[in-house]
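Structure, as structure tokens:
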Amino acid sequence: MSSSTPSSVTTPLTTWWNNMTLSGIYPSISTSTPSTSTSSSWSSHFIFGGYGSGGSAPSDAANTPQSTVAPSALSNGYTEDITVAGSLLKDKINGLMDSLMGRESVHAGCGYGEDGRIAMMTLQRAAKPVNVTELLAFENREPVDDARGWKRLDWANEMARQGVSQSKWIQSPINEGYTICDTYPDKLWFPTAASTSVLLGSCKFRSRGRLPVLTYYHRQTEAALCRCAQPLTGFSARCVEDEKLMELVGKANPNSENLFLVDTRPRVNAMVNKVQGKGFEDERNYSNMRFHFFDIENIHVMRASQSRLLDAVTKCRDVAEYWKTLESSGWLKHVRSVVECSLFLAESISRGTSCVVVAMCQLLLDPYYRTIHGFQVLIEKDWLGFGHKFDDRCGHVGALNDEAGKEVSPIFTQWLDCIWQIMQQKPRAFQFNERYLIEMHEHVYSCQFGTFIGNCDKDRRPTAHVALLDLDTRAARFTVWTAMYNRFDAGLQPRERLEDITMASMEHVGIFCRRCLKVTADERERVCDKCKAD
């Protein structure tokens, strides 16, 4: 790969997200010796659709600041050869020791001898990439439909679509270049009355600089949904600027100055965080704020819960064992908690009370986010834009040790599960079905496309309402998403839904009918009636 070409990261996934891909997210990697020249640089544009094979770089490429690739980013053939050779030598030594000690070798290669061992090591190595440039997105070369590239989310257009009041909220340049918060977008909206000193003070008071910012504006009630990280309060610290910013968020709503601050953690977890210098806000210091805790467990509990869920759907031999293991996993309880929290927020905002939280309630409030295009915008805005750590949570790279493994957790999977649960009650409220959710979930982990690579936006780029408020959150309404978790086994749960079988059959019929058009006139008597009519 030539180091003088633009980034070779990714190309469009036209078959399911209509050019969903995000390219230009990591440096172009040269196999030559790194230098200080600008030939090996960060790609020049943030693109869905890419400009890989057959494409061309955008016109503003020349104006983009250049960056030199660090030597650690190189993944040349020599280093790879050494790695494989070392693994083979280690395998030989382990096999010899097993023979001397009379132990059964764990390096037997599934009974396929030397070739089997090499194949196993190759598969294990490919499944656990160390460098981001080893991900499949950097080798993807699908044709480019639009050389200019595109992306679903335009922040200004989205805020205008929401109807954000320009007299109450304003876009601030304070985070241009990701100067105050590298895990936030570079375009942020705050109350117009908030001064720069107030914003900077609040930023210093919040974990990772993630101060309260607007993410959704409810046009009907003028209530706002803001998001932020936990404060650095410890046991007694307070911040006048942060208190002022929260007051201004409340006053930006002309219908109610009261503000709900919803902490999704269990209270005991928040108390433990105080020992680490973090914690939660003291309600006595915020004049217009009411505090709410929702007992949604942390990433470690969710990781263990999903593991037990997978045991239930893949290993249980009878129904009684299945239900027992499913109950002990707690997965449906966790999913229910997330939906209940989102419903609480949606109801609060629909009544005119602004909220500060991270949640999925926007999908309940705004039917636009339940369309295919709107759903993509929601993911780009609140997951990609506001810095969900996909690399860490999905274990894309580097999850080869215990510390990195502790960061892996199925948070995005759980969010998709919550949406699926809502779809079971309100299927006609969505423009897409579960097949779309599963396909998206597959590519979060496949790394075939660059959309979900990276931990934040900075990693990926160089620079009529019908609310769903009548959801039933009783435990009986939450079921296992069998199409997701039972796809590859012959367990107790059915693996195919009638809707999927019908859809697949219709697709096959359509293919057959198109083929019928190619037969000769003599053979046409034997084709289907539909093709005869054509």
Side-chain angles (χ1 to χ4, degrees), residues 181-184 201-213 226-243 245-246 259-286 289-309 328-342 344-345 355-361 383 386-395 399 401-415 418 455-456:
C181 180
D182 61 359
T183 62
Y184 265 1
S202 176
C203 176
K204 295 176 181 178
F205 186 62
R206 296 281 170 175
S207 177
R208 295 293 303 273
R210 295 170 66 90
L211 73 167
V213 298
C226 296
R227 56 185 302 154
C228 64
Q230 61 181 319
L232 305 177
T233 56
F235 286 99
S236 59
R238 60 182 295 185
C239 175
V240 175
E241 292 86 355
D242 189 76
E243 295 164 15
L245 181 56
M246 286 293 194
L259 186 68
F260 283 161
L261 198 154
V262 178
D263 194 321
T264 59
R265 299 170 293 178
R267 180 181 287 271
V268 64
N269 292 14
M271 291 297 297
V272 170
N273 283 343
K274 279 185 173 290
V275 179
Q276 303 171 348
K278 299 179 182 179
F280 56 94
E281 296 82 353
D282 188 339
E283 191 172 349
R284 295 171 298 180
N285 297 331
Y286 294 83
M289 190 175 72
R290 294 172 57 189
F291 210 88
H292 292 267
F293 278 105
F294 272 85
D295 293 336
I296 299 176
E297 298 289 351
N298 61 31
I299 61 172
H300 313 295
V301 173
M302 297 305 183
R303 180 175 61 248
S305 177
Q306 191 196 48
S307 178
R308 291 287 290 165
L309 168 69
S328 66
S329 74
W331 181 258
L332 296 182
K333 180 190 73 174
H334 299 318
V335 171
R336 179 188 178 194
S337 297
V338 175
V339 175
E340 285 180 331
C341 178
S342 300
F344 169 81
L345 289 164
C355 300
V356 178
V357 74
V358 177
M360 59 176 286
C361 71
W383 288 89
F386 280 106
H388 178 69
K389 300 194 289 185
F390 278 101
D391 275 359
D392 292 351
R393 296 293 179 255
C394 300
N401 55 67
D402 291 340
E403 288 302 315
K406 290 178 182 178
E407 290 296 308
V408 175
S409 190
I411 304 303
F412 189 73
T413 301
Q414 186 179 60
W415 186 71
C418 291
N455 283 330
C456 60

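When a residue number appears, it is its place in the shown sequence, counting from 1. Values below: every heavy atom of this structure, side chains too, minus hydrogens, waters and symmetry copies.
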| query | When you measure from the side chain of K274 to the backbone N and O of G234, does any donor-acceptor pair fall under 3.5 Å? | reply | yes
| Check against side chain to side chain contact (heavy atoms under 4.5 Å, CB included), V356 and M289 | CA-CA 10 Å; V356 178; M289 190 175 72; over 6 Å; no
| With under 30° as parallel and over 60° as perpendicular, where do the rings of F260 and H292 fit, or are they tilted in between? | perpendicular
| Working for side chain to side chain contact (heavy atoms under 4.5 Å, CB included), residues L309 and S305 | CA-CA 6 Å; L309 168 69; S305 177; 5.7 Å; no
| query | Taking all non-hydrogen atoms of both residues, which atom of A229 and which atom of S207 are closest, and how far apart? | reply | CB-O, 3.5 Å
| said: With heavy-atom distances below 4.5 Å as the criterion, would you say the side chains of Q230 and R206 are in contact? | reply: no
| query | Tell me, do P231 and D242 make a side-chain contact under 4.5 Å, heavy atoms counted? | reply | no
| task | Check R303 against P410 and note the closest heavy-atom contact, atom names and distance. | result | CA-CD, 3.7 Å
| CG-SG distance between L245 and C228, expressed to the nearest 0.5 angstrom | 9.0 Å
| message | For T233 versus K278, what's the shortest heavy-atom pair and its separation? | response | OG1-O, 2.7 Å
| query | Using 30° and 60° as the class limits, which term best fits the ring planes of F291 and F280: parallel, tilted or perpendicular? | reply | tilted
| note | Heavy-atom nearest pair, A237 first then L232, reads CB-O, 3.9 Å
| query | So how far is it from E297 CD to K333 NZ, rounded to the nearest 0.5 Å? | reply | 6.5 Å
| said: side chain to side chain contact (heavy atoms under 4.5 Å, CB included) for R208 and D182? Distances and angles first, verdict last. | reply: CA-CA 8 Å; R208 295 293 303 273; D182 61 359; 3.2 Å; yes
| query | Once the angle between the rings of F390 and F412 is folded into 0 to 90°, is it parallel (under 30°), tilted (30 to 60°) or perpendicular (over 60°)? | reply | perpendicular
| query | Which atoms form the tightest heavy-atom contact between S409 and I299, and what is the distance? | reply | OG-O, 2.7 Å
| query | Can you check whether C418 reaches V335 side chain to side chain, under 4.5 Å on heavy atoms? | reply | yes
| field | Rounded distance [0.5 Å steps], CZ in R290 versus CG in L259 | value | 11.0 Å
| query | Any sub-3.5 Å donor-acceptor pair from R308's side-chain atoms to G330's backbone N or O? | reply | no
| Looking only at heavy atoms, which two atoms of I296 and P266 are closest? And how far apart? | O-CD, 3.1 Å
| message | side chain to side chain contact (heavy atoms under 4.5 Å, CB included), that's the test. Do W331 and Q414 meet it? Break it down for me. | response | CA-CA 9 Å; W331 181 258; Q414 186 179 60; 3.8 Å; yes
| query | Does R265 use its side chain to pair, donor to acceptor, with the backbone of N298 at less than 3.5 Å? | reply | no
| message | Nearest 0.5 Å, please: how far is CG in D263 from CD in E281? | response | 7.5 Å
| task | Without swapping roles, check the side chain of R210 against the backbone of T183 for a donor-acceptor pair under 3.5 Å. | result | yes
| About how many Å separate CE of M246 and OG of S202, when rounded to the nearest 0.5 Å? | 7.0 Å
| Is any side-chain heavy atom of P212 less than 4.5 Å from a side-chain heavy atom of R227? | no
| query | Taking atom CG of D392 and atom CD1 of I411, what is their separation to the nearest 0.5 Å? | reply | 12.0 Å
